[in-house]
Amino acid sequence: MAENLIIEGVSKEEKYQTLLPQAHALIQGETDLIAALANLSSALATTFGWLWTGFYLVKGEQLVLGPFQGPIACTRIPFGRGVCGAAWQQNRTLAVEDVDAFPGHIACSSSARSEIVVPIRDAAGAVVAVLDVDSAELASFDATDIDYLQKIVQPLGQLFPA
Ligand code: SME
């Protein structure tokens, strides 16, 4: 496994293009779920410098905090609550331009202004975890982030027990 990420390009899309194969190599090179999530949260956070980048894992009726980069965060989120719980409930990616305008948003950090949550699915299509990214700026996430973040997390589903 490579010991350093090599991120090239200036635009967000160029950075994602160089990150995508390296992110998949990190996932494919490791069978342990927590190890893969930990390195992937670091790869995303160091590439883009977001406020908070990490994972919540489905455990029963809650999302429980997993590997992340950033300030301490809420450890448990009920089904349907906040942006993370809503993305789980709706089984779809949610990009929120202004978290203060999102009903039920859970403010783990008062600095968060926008957010994207991407579901991770097992082979049967059930949500087993979410990738959550918070930005300190409004409207940080658009169709490019949705497209690439979905592609980046896609192989993670295979690491969850069936
Ligand atoms: N803001 C999130 C909660 C998780 S933290 O921001 C890390 C939400 O509403 O789902």
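Every heavy atom of this structure was used, including side-chain atoms; hydrogens, water molecules and symmetry mates were not. Along the sequence shown, residues carry numbers from 1. Counting starts at 1 for both ligands and their atoms, in listed order. In this text the structure is predicted, and so the values were computed from the model without any measurement.
Here the options are F55, Y56, W52, the test is ring pair (Phe, Tyr, Trp, His ring centres under 6.0 Å), and the partner is F68; only W52 passes. Put simply, the residue from V130, L149, L131 that forms a side-chain contact (heavy atoms from CB on, under 4.5 Å) with V117 is V130.
Near C84, with a cut-off below 4.0 Å to any heavy atom, the atoms of ligand 1 are 8 (C), 10 (O). Close approach of ligand 1 to D132 is summarised as follows: ligand atoms under 4.0 Å from at least one heavy atom of the residue are 4 (C), 5 (S), 6 (O), 7 (C). Every atom of ligand 1 with a heavy atom of W52 under 4.0 Å away is listed here by number and element: 7 (C). The atoms of ligand 1 that sit less than 4.0 Å from any heavy atom of G82 are 9 (O), 10 (O).
In terms of polar-atom proximity, defined here as any N/O pair under 3.5 Å, R81 makes no such contact with ligand 1. Note: no N/O pair closer than 3.5 Å links A73 and ligand 1 by distance alone. Residue contacts with ligand 1: E115 is placed with a nitrogen or oxygen under 3.5 Å of a nitrogen or oxygen of the ligand (distance criterion only).
At a heavy-atom cutoff of 4.0 Å, ligand 1 is contacted by no atom of F68, backbone or side chain. For V99, no heavy-atom contact with ligand 1 is shorter than 4.0 Å.
Taking both residues in full, the closest heavy atoms of P119 and A87 are given as CG-O, 4.0 Å, listed atom of the first, atom of the second, then distance. Between G60 and W88, the shortest heavy-atom distance links the atoms O-CH2, 3.7 Å.
Around atom CD of Q89, more than 12 heavy atoms belonging to other residues, nucleotides or ligands sit under 6.0 Å away. Counting heavy-atom neighbours within 6.0 Å of E137 CD, excluding the residue itself, gives a total of 12 or less. In the displayed structure, K151 atom NZ is contacted under 6.0 Å by more than 12 heavy atoms of other residues, nucleotides or ligands.
The residue from V96, I106, V83, D134 that puts a heavy atom closest to atom 3 (C) of ligand 1 is I106.
Using a 4.5 Å cut-off on side-chain heavy atoms (C-beta onward), L57 and L37 make contact.
Looking only at heavy atoms of the protein, atom 5 (S) of ligand 1 is closest to C108 SG, 3.2 Å.
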